[in-house]
Amino acid sequence: MKKEALDIIQKSLEGLTATWRMDALPDIEMEVPKNEAMGDIASTVAMRLSKLLKKAPRKIAEEIMAEINKKLSAPAEEEGPCVFDKIEIAGPGFINFTFTKEFFLQELETLLRDGHSLLRTDMGKGQKIQVEFVSANPTGPLHIGHGRGAAVGNALCNILKAAGYDVQREFYINDAGLQVKLLGRSVHARYQQMLGNEVPFPEDGYHGDYVESVARELEKHSGTAYLNRSFDECGGSITEQAYRMMLESIASDMKDFGVLFDRWQSEKELHGQGKVEQALDALQAKGLLYEKDGAVWFRSSQFEDDKDRVVKKQDGEYTYFASDICYHKDKLDRGFDAIVDIWGADHHGYIPRIRSVLEAFDLPKDRFRVILIQMVTLLRHGVPVQMSKRAGTFITLREVIDEVGPDITKFIFLTRKADSHLDFDIDVAREQSAENPVFYIQYAFARISSLFRQANERRVFNTEHRQLLEKTDLTYLKEDEEISLIKKLLHYPMVFEGAALTCEPHRITYYLQELAGLFHAYYYRHKIITDDTGLTLARLSLCRGVKIVLEEGLGILGVSAPERM
RNA sequence: GCGCCCAUAGCUCAAUUGGAUAGAGUGCCUGACUACGGAUCAGGAGGUUGGGGGUUCGACUCCUCCUGGGCGCGCCA
């Protein structure tokens with residue numbers, strides 16, 4: 001749909017570049033007008049050229065129109081139905097295209113024949129792209145904020161993959177720092193206390209119930225082996241075990257949430273392999289490190305950052321930033337063409353320094369992108385639940401999944417732009433009612449599935465996909481609702497392209513709600529399975545089209561498409 | 001104090017990267033089941049896009065100032 005209009009404009013512009021004395025063609029943007037009366041797709045190219053050509057946009061549009069008419073009146077090279085019903089200039093200089101019904105039916109047929117492959121693109125051209133997300137400290141269970149990051153990251157990876165990128169999903173484990181040690185201390189103290197040795201609890205220790213669970217596990221495995229022994233004596237082993245358990249629980253949470261990673265990268269391992277030093281050496285070789293006040297600094301202010309950053313402290317220890325330098329260099333060394341980091345919004349201050357690192361290692365600016373995930377406020381009985389990881393008062397992702405299910409949870413996380421606050425009302429999410437938009441979409445899918453069951457059971461139609469296609473005459477589709485529904489289906493590739501370009505999965509969420517809405521309205525107003533076999537087959541085919549797109553979209557979001565509910 | 005993000009219908013949020021008359025859901029009001037799944041559908045009310053100024057053919061979108069919120073600003077991780 002976009003392609004046809006784009007082609008004709010492009011060809012017309014080619015004929016005009018000489019008279020306009022232009023070297024190159026401008027980017028031609030196409031958009032779907034809000035109002036159906038303004039046609040099916042519109043180009044703003046005349047307005048955009050106005051500044052450049054110093055001419056009124058309408059005048060430019062008229063010149064383009066004249067050229068278009070010339071092309072269209074030329075004898076058609078290919079056979080087939082007429083594509084354009086009308087093309088007209090409107091408003092300040094829009095060129096509006098209205099397609100013929102025959103064209104829409106032909107496009108629907110293509111969708112039915114090619115199915116999902118038509119809904120994907122090759123924008124990425126096989127480029128390797130890495131998406132790092134969740135990357136939680138293994139010092140406690142995942143909370144709801146991690147869940148949002150996981151849902152967005154997962155959907156984004158699905159989008160990029162469908163857009164032709166070679167995607168790698170990675171979880172970075174911050175296991176090298178003091179936080180993990182603090183977990184070990186906390187578990188050590190709880191373990192002692194549990195067995196009657198009243199040691200004080202670490203000042204900044206983790207207070208969550210899970211620390212006691214870990215201590216109990218420890219006792220199950222090792223009995224009283226660590227009792228009455230100081231942290232200095234046995235802390236290493238305890239920390240290691242506690243860390244393993246946390247990591248396993250995180251991995252199983254992700255698995256049950258339906259989010260899988262290709263790779264888990266340990267920070268500690270990077271240190272162990274000497275890669276941190278190597279990364280710093282590489283910066284040194286570029287003359288980007290210097291010593292001051294007994295510490296080693298990175299000249300990040302030469303790039304995007306407002307000041308230089310310490311990478312090696314006075315005491316000789318590396319900073320966390322040094323690990324990050326190393327990690328991002330490692331990503332580049334692994335041959336990725338582009339890198340996406342998904343972080344909590346509270347880390348936004350780190351963007352300039354990481355950007356600096358990647359620039360220092362010669363990654364072009366536009367090949368790195370940070371998606372910020374804004375905070376989630378959990379509401380229970382309409383009241384925000386305060387959360388603190390240290391104090392141990394927080395709702396875990398596990399609890400939410402168990403309570404409302406992974407599909408709904410994921411979907412709700414994807415109903416907002418990533419970078420805006422999200423209220424997660426757990427009572428609404430639990431209600432399996434109309435208030436819950438997931439059901440609205442899934443219900444449309446289940447309804448269509450039910451139609452096909454009905455058709456197979458009650459009638460003699462063979463609705464097996466290929467046979468349905470062969471027997472169907474789509475020209476039976478004449479109702480306004482049917483044409484609107486077809487148009488909506490054909491919008492999907494544009495919505496998808498937009499989502500991929502901007503890395504915004506929520507666009508697909510909104511689209512699916514609109515599509516489901518049109519379907520429900522159509523279904524309510526028109527009977528699908530009627531006594532008229534030709535009409536029934538055509539309508540079932542349209543439903544099949546809706547089903548294909550719903551399935552594709554839900555799949556991208558990581559939400560299931562149930563045949564029955 | 002400096003920097004980043006946000007402010008849109010009563011509430012929660014969209015708005016095709018600067019496009020035409022700013023849209024959904026929910027809530028409220030009114031209607032539709034002898035129905036292929038009513039977990040649905042139709043209609044109504046609801047707005048000076050926080051405020052002022054600017055940029056241009058055109059601004060919710062970009063610039064600037066103000067107001068009000070969130071988050072950052074460590075040789076912590």
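Order of the sequence lines fixes the chain letters, A, B, ..., with proteins taken first and strands second; residue numbering starts at 1 for each chain.
Closest approach to the A:A446 side chain among B:C75, B:G37, B:G19 is made by B:G37 (side chain taken as heavy atoms from C-beta onward). Taking every side-chain heavy atom of A:H348 into account, B:G70 is the closest of B:G70, B:U21, B:U12. Checked against B:U16, B:C75, B:U40, the side chain of A:K34 finds its nearest nucleotide in B:U16. Counting only heavy atoms from C-beta on, A:Y440 has its side chain closest to B:C41 among B:G74, B:C71, B:C41.
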Distances under 3.5 Å only, N/O to N/O: pair up the protein atoms with those of nucleotides 29-34 of chain B.
{"residue": "B:A32", "atom": "N3", "partner": "A:Y524", "partner atom": "OH", "Å": "3.0"}

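Inspection of the A:S560 and A:D407 side chains reveals an N or O donor paired with an N or O acceptor under 3.5 Å. Using modelled atom types, one finds a donor on one side chain and an acceptor on the other under 3.5 Å when comparing A:D308 with A:S301.
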Donor-acceptor list for residues 414-424 of chain A side chains, cut-off 3.5 Å, not counting sequence neighbours:
{"residue": "A:T415", "atom": "OG1", "partner": "A:I412", "partner atom": "O", "Å": "2.6"}
{"residue": "A:S420", "atom": "OG", "partner": "A:K417", "partner atom": "O", "Å": "3.1"}

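Base engagement by A:Y320 is indicated by at least one non-hydrogen atom pair under 4.0 Å involving a base atom. Among the heavy atoms of the strands lying under 4.0 Å from A:T44 is at least one base atom, whether or not backbone atoms are also near. No contact: A:N174 has no heavy atom under 4.0 Å from any strand.
A search for side chain to side chain donor-acceptor pair (under 3.5 Å) contacts involving A:Q314 returns nothing, not counting sequence neighbours.
Residue ring and nucleobase are not stacked for A:Y523 and B:U40 under a centre distance beneath 5.5 angstrom and an angle between planes beneath 30°.
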